[in-house]
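Just so it is clear, the structure is predicted and the values come from calculations on it, not from any experiment.
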Amino acid sequence: MAHALRLAARGLYTAHPNPRVGCVIVRDDAVVGEGYHVRTGGPHAEAVALETAGPAAAGATAYVTLEPCCHQGRTPPCADALIAAGVRRVVTGAADPNPAVDGGGHARLQAAGIVVQSGVLQADCAALNAGFNSRMQRQRPLVRVKQALSLDGRTGLANGASEWISGAASRADVQRWRARSSAILTGIGTVLADNPSLNVRDDSLGVHTQPERIIVDSELRTPPNARLLGLPGQTRIFAAVDNSAHTAALRDAGACVEVLADGGGRVDLHALMRRLAELEINELLVEAGPVLNGALLQAGLVDELLLYQAAHVLGAGARGAFAVPDLQTMTERYAFTLQEVRRTGDDLRLRYTRS
């Protein structure tokens, strides 16, 4: 199963919106077939492994990181392929939370007389597809907020200057997190101040399609000549107002514009997350300023923090990371649990999950 996980991770940047899945077929203590899911529309991991195994799959054990599918999607059901190949035993890492599967794959295999064992390295298998699981179980993507910080927790000077807080190694690392994300979310403040690209620029990662770019723009102020509108890939703008003339100009520039108002003049963030789930967004990387970061935090929509801490101090007057109302008691704190610390050049990368 550990080998199947390593195979599945090869689809980290390419498999979405499908889950990342690996499969290893073993007969007489020897690996006779293996594969992973590369991209949507392509063969699933089981199909690739069965093809490489050929007749040797009969009587073998298949190790799959995710429960084999039992429904007809873009490709035929993998459970049926395993049955047809004569596999004797199937060992899976995690159940598939997709309502179209969700135990059905295991049941179909067992009905065909195949021995099924599940839950092997379950936590690792589930973690690899945390965004897919979130979309299936909570009808919203996993939301990961990325931020570069000084030692005193500042994200830029009071005048807005922030280039560069983190070092080159951290910025290269961010490219990998962008590549694994289905979409990158930012706010209109960042678009107007920085005119960012929000794309993957590391060709070595083998990204087939750019992550979608999502702008929260309540008053529809995005300039039609914004840099990210002229780049490959889809840009979506979510607003709280409908300005037909400006909307037409943005659409002419290549943007998709939708109105999701909360009734108070702002974009409804919960409705936004539901909409992104409908668009098959699994992992959402937030690269925004303190206003949008704070709004997401207050709405309970932040699942992870990805912080790059640089070894310098910007001072008390510099900008913070989250614009939230002053807390009155310590019990009101937004609590996170540290999951990982890694050095990236002269910086530290700290990954937290919501407690």
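Taken to the nearest 0.5 Å, the CZ atom of Arg274 stands 13.5 Å off from the CZ atom of Arg138. Distance check, rounded to the nearest 0.5 Å: CE of Met273 to CG of Leu301 gives 5.0 Å.
Cation-pi check for Arg354 over Phe336 is met; the charged atom lies under 6.0 angstrom from the ring centroid and within 45 degrees of its normal.
The pair Glu283-Arg140 does not meet the salt-bridge criterion, since no charged nitrogen lies less than 4.0 angstrom from a carboxylate oxygen. With salt bridges taken as basic N to acidic carboxylate O contacts below 4.0 Å, none links Asp173 and Lys146.
In plain terms, the two heavy atoms of Glu287 and Leu198 that are nearest each other are OE1-CD2, 4.0 Å. Scanning both residues, Cys69 and Pro76, for their nearest heavy atoms gives SG-O, 4.2 Å.
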Report the C-alpha separation of Leu279 and Arg236 in whole Å, then their side-chain angles, then the decisive distance to 0.1 Å, and conclude whether the side-chain contact (heavy atoms from CB on, under 4.5 Å) test is met. CA-CA 11 Å; Leu279 293 169; Arg236 297 182 186 272; 3.5 Å; yes
Would you check, one step at a time, whether the test side-chain contact (heavy atoms from CB on, under 4.5 Å) holds for Leu157 with Arg319? CA-CA 6 Å; Leu157 300 179; Arg319 294 192 305 171; over 6 Å; no
With salt bridge (charged side-chain N to carboxylate O under 4.0 Å, His left out) as the criterion, how do Asp202 and Arg171 come out once you've worked through the C-alpha distance, each side chain's angles and the decisive distance to 0.1 Å? CA-CA 11 Å; Asp202 187 342; Arg171 298 195 294 276; over 6 Å; no
If you apply the rule side-chain contact (heavy atoms from CB on, under 4.5 Å), what do you find for Phe322 with Leu305, and how did you get there? CA-CA 12 Å; Phe322 296 91; Leu305 297 179; 3.6 Å; yes
Trace of the side-chain contact (heavy atoms from CB on, under 4.5 Å) decision for Leu250 with Leu220: CA-CA 9 Å; Leu250 290 170; Leu220 210 56; 4.0 Å; yes
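With hydrogens and angles ignored, the 3.5 Å screen pairs no side-chain donor or acceptor of Thr186 with any backbone N or O of Ile215. With hydrogens and angles disregarded, a donor-acceptor distance shorter than 3.5 Å links the side chain of Arg178 to the backbone of Asn199. Not one N or O on the side chain of Thr155 forms a donor-acceptor pair closer than 3.5 Å with the backbone of Leu149. A donor-acceptor contact shorter than 3.5 Å links the side chain of Arg108 to the backbone of Cys70.
In the model, Ser166 has no side-chain atom that pairs as donor or acceptor with a side-chain atom of Asp347 under 3.5 Å.
Applying the side chain to side chain donor-acceptor pair (under 3.5 Å) rule to Asn133 yields no partners; only residues at least two apart in sequence or on another chain are considered.
The stretch residues 230-287 participates, sequence neighbours left out, in no ring-ring contact (aromatic ring centres under 6.0 Å, His included) pair at all.
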